[in-house]
Engineer: 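Quick one: structure below, then a few questions.
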Amino acid sequence: MSQNIESVLHEQRVFEPPVAFSRSARMQAADLERLRREAREDPLGYWARLAREHIHWQKPFTRVLDDSAAPNYRWFTDGELNVSVNCLDLHLTERADKTAIIFEGEAGDVRKLTYGQLHAEVSRCANSLRALGIEPGDRVVIYMPLVPEAVVAMQACARIGAVHSVVFGGFSALSLKDRIEDAGARCVITADGGWRGGQIVELKAATDKALADGCHSVEHVIVLRRSGQAISMQEGRDHWWHDIVATQASVCEPVWVNAEHPLFLLYTSGSTGRPKGIQHSSAGYFLNAKLTSQWVFDLRDDDVFWCTADVGWITGHSYVAYGPLAAGATLVLYEGAPTYPDGGRFWRVCAAHGVSIFYTAPTAIRALMKLGDEIPAAYDLSKIRLLGSVGEPINPEAWMWYHRVIGGGRCPIVDTWWQTETGAIMIAPIPGVTATKPGSCTQALPGIEAEIVDDEGRPVMAADAGGYLVIRRPWPSMLRTIWGDNARYIETYWSKFQNRYYVAGDSAHRDADGYFWIMGRIDDVLNVAGHRLGTMEIESALVAHPRVAEAAVVGRPHEIKGESVFAYVVCKGQRPSESELATLKIELRAWVGEQLGAIAKPDELRIVENLPKTRSGKIMRRLLRAIARGESITQDVSTLENPAILEQLRGG
Ligand code: PRX
């Protein structure tokens with residue numbers, strides 16, 4: 001931990017919320033104060049009131065929190081609802097003709113769906129799933145490009161009580177297979193292909209590959225025609241979306257599910273090999289997704305909200321597929337790469353569709369910042385009134401650029417800290433109220449009791465002293481468990497402090513104003529371009545290669561991606577000759593891409609004879625990290641079994 005603590009920067013700038021923004025903000029200082037007080041004085045009464053006001057219950061709940069099996073908490077346990085009804089049907093009286101989704105494909109094709117049309121499409125998709133025999137509780141894997149049908153498929157699952165598990169389209173066939181098998185999915189919804197960077201991402205081919213050896217639970221595959229290239233369809237198993245969905249009725253009786261019924265699984269990397277199927281509930285998840293959409297993004301009826309995340313990540317769940325729809329917003333969906341065909345694409349989309357709230361990741365901001373101020377200056381970004389950031393700490397330089405160049409100096413920036421596991425934003429400014437500081441996610445939202453504790457679980461009081469970021473009380477949208485592995489749920493998130501706090505896995509500190517500054521992960525998880533990658537996962541992928549005996553993966557700071565993947569590899573048998581080395585490195589990178597997906601490919605690969613180990617056989621990761629970062633080695637290397645390898649590890 002001490003290493004992290006030292007790396008803290010001291011940012012002094014403070015930005016008060018712009019007066020013009022504050023004046024018409026949904027939440028005013030007095031409102032926030034009232035919520036905080038209510039949450040403090042009666043936490044359960046507070047969540048119960050919000051759940052009554054913000055959720056349409058088919059059967060109202062009488063019990064707020066069941067903690068009898070803590071830390072497996074359950075919320076609003078005897079209530080019944082349907083999330084899709086809450087996102088869509090409730091808007092049909094007032095917003096049936098309001099645009100729900102503005103879609104832009106990478107090739108420039110634009111399609112708009114009103115709430116009425118979205119509701120009809122979701123109903124048709126839900127009916128087709130039902131026609132295939134999908135029952136409440138069945139798992140449906142969604143492996144799609146970022147097109148409206150991806151949101152439709154998610155909402156359709158919610159409508160019939162099926163549990164979706166979205167797998168990011170950039171993941172490989174093998175990753176898809178692992179996730180399908182872990183979830184025991186009965187159905188996969190995919191597309192022939194999607195567009196990314198001018199190339200077709202071959203989703204159906206990857207699905208076929210995943211299903212070719214294994215995935216015996218899958219009975220049906222629904223295929224959306226998107227890219228139009230030739231694909232193979234397996235008779236009886238594979239169905240075209242336009243055949244099976246389009247022909248269904250546009251109304252679909254929802255299935256009322258229990259509040260705790262799983263809405264979805266979403267796999268995320270952990271510090272050990274296998275990805276974890278994070279399981280979310282229906283009511284609790286929905287409640288926080290909706291509230292935070294309104295509180296943090298100040299969503300109003302005339303806003304055009306663009307969260308650039310793919311639905312393959314949690315951000316694309318809470319702030320694309322659920323939260324903004326629950327709030328009745330108009331959202332933008334863009335299929336492709338941020339810099340295709342040029343670095344102005346994001347700003348062109350903002351200008352073309354009148355985006356007023358823009359939410360993206362620091363890695364994208366840094367990449368676009370590098371291209372210079374002239375590119376965004378060429379577009380009319382005057383409609384933007386609020387900016388958001390998520391996924392990793394935003395460095396003050398990128399924050400200032402975002403503020404000045406994209407926000408024209410007039411927009412608040414909401415730096416939102418949260419995780420796949422938390423379901424919704426936890427620590428973030430309220431844009432009309434909270435003064436912001438570049439690089440800080442500011443304060444916990446009302447009802448969220450975030451704290452920093454030391455190794456013994458004692459609150460860290462001193463300003464600027466670092467520690468573990470924990471959440472002291474359960475909250476409605478918290479993960480319920482890890483699918484099929486409750487022991488791992490308890491071990492990963494609770495056991496460190498004897499089940500007293502939820503342990504986020506991040507280190508953080510608070511400054512004299514009580515603002516939170518996130519410093520990074522404390523486990524072996526990398527944050528590459530805002531995406532979580534477990535070092536173990538990449539290591540297991542590497543050692544699965546016939547030439548690899550051992551591998552160690554560490555992160556190294558990267559100017560644009562935040563962190564990059566640095567791999568040390570020991571080969572089986574003889575050390576490859578100089579001429580073999582280059583080809584082997586290329587092969588290993590491609591191999592990891594195939595095993596896990598392109599985002600996991602090592603940026604740097606060093607082939608060495610040995611890994612540094614202590615005499616007890618533990619890989620000295622801290623040493624490897626220091627070497628990867630080109631830092632001088634301060635730690636004791638006297639326990640190193642083979643001190644001579646240091647030179648080789650350094651690339652000498
Ligand atoms: O380390 C924190 C970082 O991203 C992790 C969660 O990753 P994931 O589950 O993939 O969800 C990302 C999108 C919610 C956290 O443990 N992180 C996320 N947001 C921030 C952040 N670090 C600093 N500041 C943030 N705003």
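Computed from a predicted structure; not experimentally measured. Ligands are counted one by one from 1 in listed order, and the atoms in each one are counted from 1 as well.
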Engineer: Look at the aromatic rings of His280 and Phe264 and report parallel, tilted or perpendicular, splitting at 30° and 60°.
Structural biologist: tilted
Engineer: Relative to the ring of Tyr319, is the ring of Tyr359 parallel (under 30°), tilted (30 to 60°) or perpendicular (over 60°)?
Structural biologist: perpendicular
Engineer: Main chain of Lys496, side chain of Tyr501: is a donor-acceptor contact present, judged purely on distance under 3.5 Å?
Structural biologist: no
Engineer: In order of chain and number, which residues sit within 4.0 Å of ligand 1 by heavy atom?
Structural biologist: Ile314, Thr315, Val390, Gly391, Glu392, Pro393, Asp415, Thr416, Trp417, Trp418, Gln419, Thr420, Asp506, Ile518, Arg521, Asn527, Arg532
Engineer: Between Arg385 and Phe21, is there a side-chain heavy-atom distance shorter than 4.5 Å?
Structural biologist: yes
Engineer: Verify the distance criterion only: is there a donor paired with an acceptor across the side chains of Tyr489 and Trp494 at less than 3.5 Å?
Structural biologist: yes
Engineer: Mark yes when over 12 heavy atoms from residues, nucleotides or ligands other than Glu604 sit less than 6.0 Å from its CD; otherwise mark no.
Structural biologist: yes
